[in-house]
Amino acid sequence: MLVVIGRVRCEPDRRVELIALLTDMQDESRREDGCIRYGFFAAVEDPLGFIAVEEWRDRDALDRHFAQPHLHEFSRRLLEIVSERPEVAIHEIADTEGFPG
């Protein structure tokens, strides 16, 4: 499994526009084969910051996601809206266990 963590930030006057873009991307991505979980979340300490958490079945599923037209359009529009360069990290997970207790 792969986990992708992304971070973006916008100016106050672009927040509503960014939320609409994130919502569309989230909805499109959740329909893709191999997507286990995909969501954007507001950062508690910064109402203008958002965190993406994605879980993908395998590298092939993530690579197919990267090739999707909606991702390319999202990336283009995102760079027009955000106030700082987005951060993205891809983590390959070997094993997952539930929280004990």
Side-chain angles (χ1 to χ4, degrees):
M1 177 172 52
L2 285 95
V3 174
V4 180
I5 305 294
R7 292 176 178 80
V8 297
R9 188 169 195 287
C10 66
E11 295 299 329
D13 62 329
R14 306 296 300 262
R15 188 174 192 275
V16 171
E17 183 181 7
L18 179 58
I19 289 172
L21 180 65
L22 299 178
T23 300
D24 289 346
M25 181 61 183
Q26 175 177 278
D27 293 346
E28 289 283 335
S29 298
R30 286 177 175 171
R31 288 191 279 272
E32 293 180 46
D33 181 46
C35 179
I36 298 168
R37 191 166 286 119
Y38 198 109
F40 290 98
F41 307 92
V44 173
E45 73 281 0
D46 179 4
L48 301 176
F50 294 87
I51 310 297
V53 179
E54 309 171 26
E55 294 179 27
W56 296 92
R57 180 181 58 229
D58 53 31
R59 186 65 201 209
D60 288 340
L62 184 58
D63 288 344
R64 283 192 306 274
H65 172 64
F66 288 152
Q68 293 295 316
H70 69 262
L71 176 63
H72 294 281
E73 177 64 13
F74 169 80
S75 298
R76 184 188 66 74
R77 290 188 54 209
L78 182 69
L79 292 176
E80 297 170 355
I81 296 172
V82 296
S83 58
E84 300 171 7
R85 183 173 174 82
E87 298 175 33
V88 178
I90 301 171
H91 307 275
E92 190 169 345
I93 308 300
D95 188 31
T96 301
E97 295 180 12
F99 185 76

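Applying the side chain to side chain contact (heavy atoms under 4.5 Å, CB included) test to Arg85 and every residue at least two apart in sequence or in another chain returns nothing. Not a single side chain to side chain donor-acceptor pair (under 3.5 Å) links Glu87 to another residue, sequence neighbours left out. The side chain to side chain contact (heavy atoms under 4.5 Å, CB included) check on Glu73 picks up Arg76, Arg77, with sequence neighbours excluded. Here Arg9 pairs with Asp46 under the side chain to side chain donor-acceptor pair (under 3.5 Å) rule; sequence neighbours left out. In terms of the side chain to side chain donor-acceptor pair (under 3.5 Å) criterion, His72 has no residue partners (sequence neighbours excluded). Remark: Glu54 pairs with no residue by the salt bridge (Lys or Arg N to Asp or Glu O under 4.0 Å) rule, at least two apart or across chains. With sequence neighbours excluded, the residues forming a side chain to side chain contact (heavy atoms under 4.5 Å, CB included) with Asp13 are Glu11, listed by chain and number. Residues passing the side chain to side chain contact (heavy atoms under 4.5 Å, CB included) test with Asp24, sequence neighbours excluded: none. Annotation: side chain to side chain donor-acceptor pair (under 3.5 Å) contacts of Asp95 (sequence neighbours excluded): none.
Side-chain contact between Arg57 and Asp33 is present, with heavy atoms from C-beta onward closer than 4.5 Å. With contacts defined as side-chain heavy-atom distances shorter than 4.5 Å, the pair His65/Cys35 does not qualify.
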**Item:** Stepwise side chain to side chain contact (heavy atoms under 4.5 Å, CB included) test for Arg31 and His70
**Value:** CA-CA 12 Å; Arg31 288 191 279 272; His70 69 262; over 6 Å; no

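Residue Leu48 belongs to no hydrophobic cluster, having no ILVMFWY side-chain heavy atom closer than 4.5 Å to its own. Within the hydrophobic cluster formed by Ile, Leu, Val, Met, Phe, Trp and Tyr side chains joined at under 4.5 Å, directly or through other members, Val4 is accompanied by Leu2, Val8, Leu18, Ile19, Leu21, Leu22, Met25, Tyr38, Phe40, Phe50, Trp56, Leu62, Phe66, Leu71, Phe74, Leu78, Ile81, Val82, Val88, Ile90.
Residue-environment remark: CD (Glu80) exceeds the threshold of 12 foreign heavy atoms within 6.0 Å. Other residues, nucleotides and ligands contribute at most 12 non-hydrogen atoms within 6.0 Å of the CZ atom of Arg37.
Closest heavy-atom contact between Gln26 and Gly39: OE1-CA, 3.2 Å.
Considering CD of Glu55 and CE of Met1, their distance stands at 5.0 Å, rounded to 0.5 Å.
A donor-acceptor contact shorter than 3.5 Å links the side chain of Arg15 to the backbone of Pro47.
Listed by first and then second residue, the ring-ring contact (aromatic ring centres under 6.0 Å, His included) pairs involving residues 78-101 amount to none (not counting sequence neighbours).
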